[in-house]
J.: 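Encoded as structure tokens, here's the structure I'll be asking about.
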Amino acid sequence: MSSAEPNPPADSPATPERSLNFIEQIVEEDLRTNRWGGLPVQTRFPPEPNGYLHIGHAKSICLNFGLAKKYGGKCNLRFDDTNPTTEDTEYVDSIQDDVRWVGFQWDGLYYASDYFDQLYLWAEQLIQEGLAYVDSQSVDEIAKQRGTSTEPGVESPFRNRSAGENLDLFRRMKAGEFPDGAHVLRAKIDMAQTHLIMRDPVLYRIRHAHHHRTGDKWCIYPMYDFAHGQCDSIEKVTHSICTLEFETHRRLYDWCLEKLRIFPSRQYEFARMNLTYTVMSKRRLLELVKGNLVSGWDDPRMPTICGLRRRGYTPEAIRAFCERIGVARFISTIEMAWLEDALRDDLNKRALRVMGVLKPLKVVLTNWPAGQVDWLDAVNNPEDESAGSRKVPFSGTLYVEQDDFMETPPKQFFRLSPGREVRLRYAYFITCNEVVKDASGNIVELRCTYDPASRGGNSPDGRKVKSTIHWVSAEHAISSEVRLYDHLCRQPDPNDVPAGVDWKTTLNPNSLEVIPSAKLEPSLSDAAPGSKFQFERLGYFCVDTVDSRPAHPIFNRAVTLKDSWAKAQKKEGG
RNA sequence: UACCCGAUAGUGUAACGGUAGCACAACAGAUUUUGGUUCUGUUUGUCCAGGUUCGAAUCCUGGUCGGGUAACCA
């Protein structure tokens with residue numbers, strides 16, 4: 001990870017060979033040509049503290065921090081807090097938590113508001129040099145004069161105020177002499193520019209609002225365009241990476257740095273991503289929270305970092321995902337399967353295996369010695385020998401999954417059915433002899449016999465079974481609430497609705513299924529909040545960090561296991 | 001509409017004038033005490049039309065389609 005070796009040997013075990021993304025190419029080119037005169041690569045992650053971070057931000061976090069790490073540079077966390085009316089410390093805290101959780105530590109922690117004094121001085125400088133003026137028109141008037149893409153704008157009648165008058169007015173704006181909206185400071189550029197952003201953009205506006213950090217010190221606040229580039233410049237950011245919608249702003253970004261004659265940070269834009277079966281915009285996420293359509297920002301169905309964390313995602317999986325999706329200038333739609341696959345890939349190697357039955361079907365072993373309990377060895381993780389094994393209790397009354405029994409099975413169904421023998425994982429072969437139904441014909445119990453010689457799961461005579469199913473001992477099982485999560489939206493693109501139809505109609509009504517009392521093996525009774533397990537043959541589950549109580553864990557299903565039987569069935573059913 | 005940006009298998013992403021590759025998905029098979037994992041194989045692609053060139057995904061021209069911008073938001 002050190003920058004000492006610009007060209008690590010090909011047999012370096014560090015990271016597998018991957019081609020450079022376009023930003024890495026730029027960085028390497030800059031390094032090669034010594035563009036920054038020996039300055040380290042400096043990046044920054046610049047969230048506005050007005051919402052929670054989501055998986056899209058994770059991409060930016062991994063890019064910015066990853067670049068610094070890869071090239072031996074530094075990355076700052078900087079809050080872009082220039083709009084006091086929408087920002088709050090609640091978000092400042094959550095954002096820091098999330099960045100750390102994703103796995104990065106910033107070099108400097110800054111706020112745009114740290115630089116308000118300097119920014120103000122720069123504004124005065126521009127005024128003095130005739131590059132900015134105070135406009136006393138209303139929002140509407142200014143908007144009207146901006147012109148259109150085809151027609152040039154018209155100059156403000158206040159455009160040619162003297163530097164002295166501008167300075168006086170600007171100082172009085174700062175002093176609080178005017179109400180909101182009375183004046184703005186504008187750059188004096190060119191009202192005929194084809195790039196509308198350059199038609200005398202607003203630099204400062206009056207806002208008599210309490211700021212989460214500077215309190216009531218200021219009543220004028222710089223606009224994004226008059227803050228971001230300068231903040232980058234102050235921090236000697238070499239590569240200022242942002243999303244595509246800021247592309248047109250780059251002209252103004254450069255203009256400010258050039259006119260102020262300060263460190264020439266460069267801005268580069270990459271495409272944000274979309275994820276299938278979910279929404280990502282702050283506005284829509286807020287809609288879900290405010291409308292109580294989810295339980296909060298950290299609802300495990302949310303694509304927020306805290307939601308994914310609560311769901312059971314790991315930082316490693318998130319980072320692997322971000323690495324895999326790449327960086328480009330084309331707005332991509334990533335399949336949710338990629339995210340899920342990244343989690344499975346990580347947890348497969350690390351998660352301990354346990355057995356749990358979600359929808360229990362009682363099995364009585366008719367030849368089991370009454371009252372006997374057998375403690376059987378179960379491997380904790382076949383992918384990791386060092387994870388060891390545990391003892392699981394077995395008795396004459398068990399629960400198996402309802403889905404693992406069919407009275408009249410199709411030919412491809414290998415699991416339990418009348419007259420058929422299957423293996424109980426790590427236990428015995430059992431054969432189903434009788435199906436017990438209630439008055440209305442529902443199957444309520446299976447009566448089976450077990451083969452004592454098959455203890456551990458192998459028959460001495462070498463006979464094979466086509467299937468192994470999971471189970472729990474009825475008298476030893478604990479009952480736990482299990483929450484099964486599915487896609488937030490029912491169609492890949494929630495935006496793909498007819499005009500006038502609310503995207504919320506695409507929400508998946510079955511995105512959460514609560515199982516009040518699943519039957520789980522007893523070792524799970526004291527599972528720690530946040531710990532993750534593979535329930536064999538079902539999926540990866542995480543102990544909920546919010547609602548679990550000591551000795552009463554609640555499990556969230558993070559992701560299912562791949563299930564080729566379910567897939568085949570689904571295909572059959574159309 | 002104007003300006004800017006983009007377009008490579010189903011989805012992403014490489015190839016930087018010289019054999020279109022990789023991952024995920026899909027499909028088929030092998031292994032398997034998880035219908036998991038792992039392994040092997042297969043299918044599917046350069047938006048269109050011209051031009052330059054021995055040779056074009058790549059360079060040029062025109063078009064098509066998609067996205068962004070037109071806040072006293074960031």
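Nothing here was measured: the structure is a model prediction, and the numbers come from that model. Chain naming here is simple, since letters A, B, ... match the order of the sequence lines and numbering starts at 1 in each.
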J.: Look at the side chain of A:Q569 and the base of B:G35, then say whether one donor and one acceptor between them are separated by less than 3.5 Å.
T.: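 Under the 3.5 Å cut-off, the side chain and the base do not form any donor-acceptor pair.
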J.: Does A:K567 put a side-chain nitrogen or oxygen below 4.0 Å from OP1 or OP2 of B:A25?
T.: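 Answer no for this pair, as no side-chain N or O of A:K567 is under 4.0 Å from OP1 or OP2.
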J.: Could you check whether the rings of A:Y115 and A:Y110 sit parallel, tilted or perpendicular, using 30° and 60° as the cut-offs?
T.: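 Aromatic pair A:Y115/A:Y110 classed tilted.
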J.: Any Lys/Arg nitrogen of A:R44 or A:E235 sitting under 4.0 Å from an Asp/Glu carboxylate oxygen of the other?
T.: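 A:E235 and A:R44: not salt-bridged.
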J.: Just checking A:K359: does its NZ atom have more than 12 heavy atoms from other residues, nucleotides or ligands closer to it than 6.0 angstrom?
T.: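 No - once you tally the heavy atoms of other residues, nucleotides and ligands closer than 6.0 Å, there are 12 at most.
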J.: Taking 5.5 Å and 30° as the limits, would you call A:F414 and the base of B:G35 a stacked pair?
T.: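 Whether judged by distance or by angle, A:F414 passes, so it stacks on the base of B:G35.
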J.: Using a cut-off of strictly less than 4.0 Å, decide whether A:R205 has a side-chain nitrogen or oxygen near OP1 or OP2 of B:C73.
T.: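 Affirmative; the distance criterion is met.
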J.: Would you call the rings of A:H211 and A:Y221 parallel, tilted or perpendicular, taking 30° and 60° as the class edges?
T.: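 Parallel: the ring planes of A:H211 and A:Y221 meet at under 30°.
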J.: Give none if B:U1 has no partner; otherwise give the nucleotide forming a Watson-Crick or G-U wobble pair with it, both distances under 3.5 Å.
T.: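 Pairing partner, where one exists within any strand: B:A70.
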J.: Less than 3.5 Å between a donor and an acceptor, one on the side chain of A:Q25 and one on the base of B:C16, is that the case here?
T.: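 Side chain to base: pair found, below 3.5 Å.
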J.: From the options B:G67, B:C73, B:C3, select the nucleotide whose nearest atom is closest to the side chain of A:H195.
T.: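 Comparing B:G67, B:C73, B:C3 against the side chain of A:H195, the answer is B:C3.
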J.: Check the phosphate of B:G36 against A:S564, side-chain N and O only, distance under 4.0 Å to OP1 or OP2. Yes or no?
T.: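 Yes, A:S564 has a side-chain N/O under 4.0 Å of OP1/OP2 on B:G36.
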